[in-house]
Amino acid sequence: MDLSLDPDFFAVLTGSYRRRLGAALVPEGADAAWLYGQAPFVVLAHDGGADPRFVYANRAAQACFGYDRDALVGLPSRLSAEAPERAERQRLLDAVARDGFTRGYRGLRIAKGGRRFWIEQAIVWQLDRDGVSVGQAATFSEWRDA
């Protein structure tokens, strides 16, 4: 299912962000189309499975990671980090599951073509629908080649 422009998933992303962080993810009046196609920051989300898979990646995320939507959505999210970095990434996700969110995260990631890059000042938060956890999401606007 394509969640790119889905208003219900947009409500989950933005509502969870507001509840967890007490702030708005998007500017007043922005909608799912703006977040997907025009936002100047990355937003990614994965499901809550045992080996979470990306379910959402806006255009900024696609450009950052070097994948088109069809290749990025469905990809196990662990593959966004190289094997040596995956334990650190998992500690982050466990902390977010426990605490609801984290901000100021910095981590090494890998793009489709093998380019390594640092994400800077990321916010990662727990997604919930009607109080039930449905995954996690991340946003950041700073990244640089490693």
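Nothing here was measured: the structure is a model prediction, and the numbers come from that model.
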Just how far is it from atom [atom1] of [X] to atom [atom2] of [Y], taken to the nearest 0.5 Å?
X	Y	atom1	atom2	answer
L127	Y56	CG	OH	11.5 Å
D94	D99	CG	CG	10.5 Å
R53	L79	CZ	CG	8.5 Å
L44	S77	CG	OG	9.0 Å
F65	F54	CZ	CZ	5.5 Å

Should the pair D2-R69 be classified as a salt bridge under the 4.0 Å nitrogen-to-oxygen rule?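 Answer for the salt bridge query: yes.
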
Is it true that a side-chain atom of [X] and a backbone atom of [Y] form a donor plus acceptor pair closer than 3.5 Å?
X	Y	result
R116	A146	no
D128	S16	no
E85	R109	no
Q136	L93	yes

Which of T102, T139, V96 passes side chain to side chain contact (heavy atoms under 4.5 Å, CB included) with I123? Answer is T139

Using a cut-off of 6.0 Å, state whether more than 12 heavy atoms not belonging to R18 lie near its atom CZ.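 Atom CZ in R18 is not crowded, with 12 or fewer foreign heavy atoms closer than 6.0 Å.
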
Item to complete: Give a yes or no on whether the ring-centroid distance for F101 and Y17 is below 6.0 angstrom.
Response: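 Centroid distance F101-Y17: not below 6.0 Å, so no.
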
